[in-house]
Number of protein chains: 2
Amino acid sequence: MPFTYEHARPSVTVDCVVFGFAGEGLQLLLVKRGGEPYEGEWALPGGFVRLDEDLDSAARRELEEETQLRETYLEQLYTFGSPERDPRGRVISVGYYALVRPDRQPVAGGTDAADARWFPLNGLPSLAFDHGEIIKVARDRLQGKIRYQPIGFELLPEKFTLTQIQTLYEAILGCPIDKRNFRKKLLSFGFLEALEEYVRGPHRPARLYRFDQARYSKLQREGILFQI
Amino acid sequence: MPFTYEHARPSVTVDCVVFGFAGEGLQLLLVKRGGEPYEGEWALPGGFVRLDEDLDSAARRELEEETQLRETYLEQLYTFGSPERDPRGRVISVGYYALVRPDRQPVAGGTDAADARWFPLNGLPSLAFDHGEIIKVARDRLQGKIRYQPIGFELLPEKFTLTQIQTLYEAILGCPIDKRNFRKKLLSFGFLEALEEYVRGPHRPARLYRFDQARYSKLQREGILFQI
DNA sequence: GCAAAAGTGTTTATGTTACACCCATGT
DNA sequence: ACATGGGTGTAACATAAACACTTTTGC
């Protein structure tokens, strides 16, 4: 097999599909492109991978640079490599998706992007590159994964009510869920900790819960599997 | 955002984890490396992505060049990009996995590899690069995916017996399955066509079945979901 | 006292598990 | 006739689905 150096090399980027949850619907964080190509259009936060960093680090770095978001849930999604996906030449993009808690959403424009803004998922502007396709893949992945992994909590504040998490599941799965059955099942797993705290409002106070990561890990090690 | 050309670029390869099923256990197709680095060691079939081909095509091309396999089930797995994974420098590898029917397994050494050989999955030699890790990811993916997608048939001949597919599921999932329950469930989905053909042997003849792709697609469109 | 959302159990239907014997062939 | 794997049904159990009213608060 020949040496690396004899081969023409593509550029490699990472692009992040950043999901947020705003109480009713899913949201997506997009940045306005500050340079060519697609200058002024909305795009996924992302950028070129440096030669000395691994892919996860590159995704995290770009996310922070362009959106100020840190310590989000981040997972590799799929790699997009059509030769025509970038007008500048051959650019392969490793897609990631991120889940951001609402209490960490203060977003100001970063160094690399002229602007960053949350959009409702069903109301996205037209997008640069093949970013629309990347988003579709991310959405499908989120929809599939939330049914058997407790990643939904990454989109909620640390303490949340059962109604909040049900609304989130309904938003992601796109269908209504029976309240009693949902609560029964979710609580039966035993990884939610009921707190002695309540949210007050013009109605009966709602109890707050917390996702107990340690207990979930233990259950998982014992082979118990979670399924909504 | 700066131009592509201002960035140092990594090399990009594709590597294929090729699964086969030999009647009892899962097998993996490996090639002996014909050049540095890791010359003479076993590795996944794969190679550099050309600038004018997409990733799926590159994986298919390398697979055919190194193993003569064509028209296999092929799916992108994960992208591996640790900066130290290749001693030649920065090489990012887009991992794929392939499922090969036993009747298409005649493998002769290709142009790029000195040798290609099937190994039982529980008896692999030591591997070049991080290919051991890639195989682990592929195995987990196969184990997960076979439970809700009918990809098992890609590892069997076109016509197969129910015992064959059960043995395959047991090999992939790593646990015994009840014969009656397995048959009942599998047939209940309605995407297996019972043929009027039987395999003879020193015992009662075993009926042959065929996976009916059209019927499966139809069921899938109607939202019926398959789960083993 | 009214509006608004929180909270709670039971019944029915469906799906999953466990389990053992007879059948058809080759030798 | 015997060895080998192929083929089949039922009962117990567990899980999922359907469903409506009472509670607690703010205004």
Side-chain angles (χ1 to χ4, degrees), chain A residues 21-25 146-148 156-157 159-171 173-210 219 222-228, chain B residues 21-25 102 146-148 150 156-157 159-171 173-210 219 222-228:
Chain A
F21 180 63
E24 347 67 38
I146 202 177
R147 293 166 43 93
Y148 64 94
L156 294 176
K159 301 171 183 183
F160 50 84
T161 67
L162 295 182
T163 299
Q164 278 181 296
I165 189 152
Q166 180 175 342
T167 312
L168 172 65
Y169 269 79
E170 289 174 332
L173 298 177
C175 61
I177 301 174
D178 181 271
K179 183 163 62 158
R180 280 178 285 193
N181 292 338
F182 182 78
R183 288 170 179 233
K184 224 183 307 170
K185 192 165 192 176
L186 204 57
L187 292 175
S188 76
F189 297 123
F191 53 60
L192 288 190
E193 183 190 356
L195 305 174
E196 290 303 330
E197 295 179 57
Y198 297 83
V199 176
R200 305 178 69 83
H203 50 75
R204 179 165 171 179
R207 185 160 203 166
L208 287 168
Y209 290 80
R210 179 160 41 193
L219 291 167
E222 291 163 0
I224 280 100
L225 66 87
F226 160 55
Q227 185 106 321
I228 293 286
Chain B
F21 180 63
E24 345 69 39
I146 202 177
R147 292 166 44 93
Y148 65 95
L156 294 176
K159 302 171 183 184
F160 50 84
T161 67
L162 295 182
T163 299
Q164 278 181 297
I165 189 152
Q166 180 176 342
T167 311
L168 171 63
Y169 269 80
E170 289 174 332
L173 298 177
C175 61
I177 302 175
D178 181 90
K179 182 164 58 158
R180 280 179 284 193
N181 293 338
F182 181 78
R183 288 171 178 232
K184 224 184 310 170
K185 192 165 192 176
L186 204 57
L187 292 175
S188 76
F189 297 122
F191 53 62
L192 288 189
E193 182 189 357
L195 305 174
E196 289 304 330
E197 295 179 58
Y198 296 83
V199 176
R200 305 179 69 84
H203 50 76
R204 179 167 171 179
R207 185 158 205 169
L208 287 168
Y209 290 80
R210 181 160 40 194
L219 291 167
E222 291 163 1
I224 280 99
L225 66 85
F226 159 57
Q227 185 104 322
I228 293 286

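Bear in mind the structure is a predicted one, so any value in this text is a computation, not a measurement. Each chain gets a letter, A, B and so on, in the order the sequences are listed, and its residues count up from 1.
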Restricting both atoms to N or O, compile the protein contacts to nucleotides 2-6 of chain C shorter than 3.5 Å, with distance only.
unit_1, atom_1, unit_2, atom_2, d
C:dA4, N3, A:Pro202, O, 3.4
C:dA6, OP1, A:Thr163, OG1, 2.8
C:dA6, OP2, A:Thr163, OG1, 3.0
C:dA6, O3', A:Pro205, O, 3.3

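Between B:Val199 and B:Lys159, the closest side-chain pair of non-hydrogen atoms is not below 4.5 Å. You'll find the side chain of A:Phe160 reaches within 4.5 Å of the side chain of A:Leu192, heavy atoms only. Looking at heavy atoms from C-beta onward, B:Asp178 lies out of side-chain contact with B:Arg183 at the 4.5 angstrom threshold. Side-chain atoms of A:Phe226 and A:Leu219, non-hydrogen and from C-beta on, never get closer than 4.5 Å to each other. Contact of the A:Phe182 side chain with the A:Leu162 side chain is not registered, since no non-hydrogen atoms from C-beta on lie closer than 4.5 Å. Using a 4.5 Å heavy-atom cutoff, the side chains of B:Gln164 and B:Thr167 are not in contact. Contact annotation: the side chain of A:Tyr148 never approaches that of A:Leu225 to less than 4.5 Å [non-hydrogen atoms, C-beta and beyond].
Summarising the geometry, the separation between NZ on A:Lys185 and C1' on C:dG7 is reported as 20 Å, rounded to the nearest angstrom. Between the CZ atom of B:Phe182 and the P atom of D:dG7 there is a distance of 13 Å, rounded to whole Å. Rounded to an integer number of Å, the gap from CD1 of A:Ile228 to C1' of D:dA17 is 14 Å. Spacing between atom CG of A:Asp178 and atom C1' of C:dA13 amounts to 15 Å, rounded to whole angstrom units. In this structure, B:Tyr198 atom OH and C:dG26 atom P are separated by 14 Å, rounded to whole Å. The nearest whole Å value for the distance from the CD atom in A:Gln227 to the P atom in D:dA17 is 11 Å. Summarising the geometry, the separation between CG on A:Asn181 and P on C:dT12 is reported as 16 Å, rounded to the nearest angstrom. Taking atom CG of B:Leu225 as the reference point, atom C1' of D:dA16 lies 14 Å away to the nearest angstrom.
Taking five base pairs at each end of the helix from C:dG1-D:dC27 to C:dC21-D:dG7, the local helix axes there meet at an angle of 20°, rounded to 10°.
For B:Glu193, the salt bridge (Lys or Arg N to Asp or Glu O under 4.0 Å) partners at least two apart in sequence or on another chain are B:Arg210.
Among the heavy atoms of the strands lying under 4.0 Å from B:Lys184 is at least one base atom, whether or not backbone atoms are also near. In this structure, B:Arg180 reaches the bases: a heavy-atom distance under 4.0 Å links it to at least one base atom across the strands shown.
For A:Glu197 and A:Arg207, the salt-bridge test fails: no basic side-chain N is under 4.0 Å from an acidic carboxylate O.
Looking at which nucleotide of DNA chain D each of B:Tyr209 and A:Arg200 is closest to, the 5′-most match is held by B:Tyr209.
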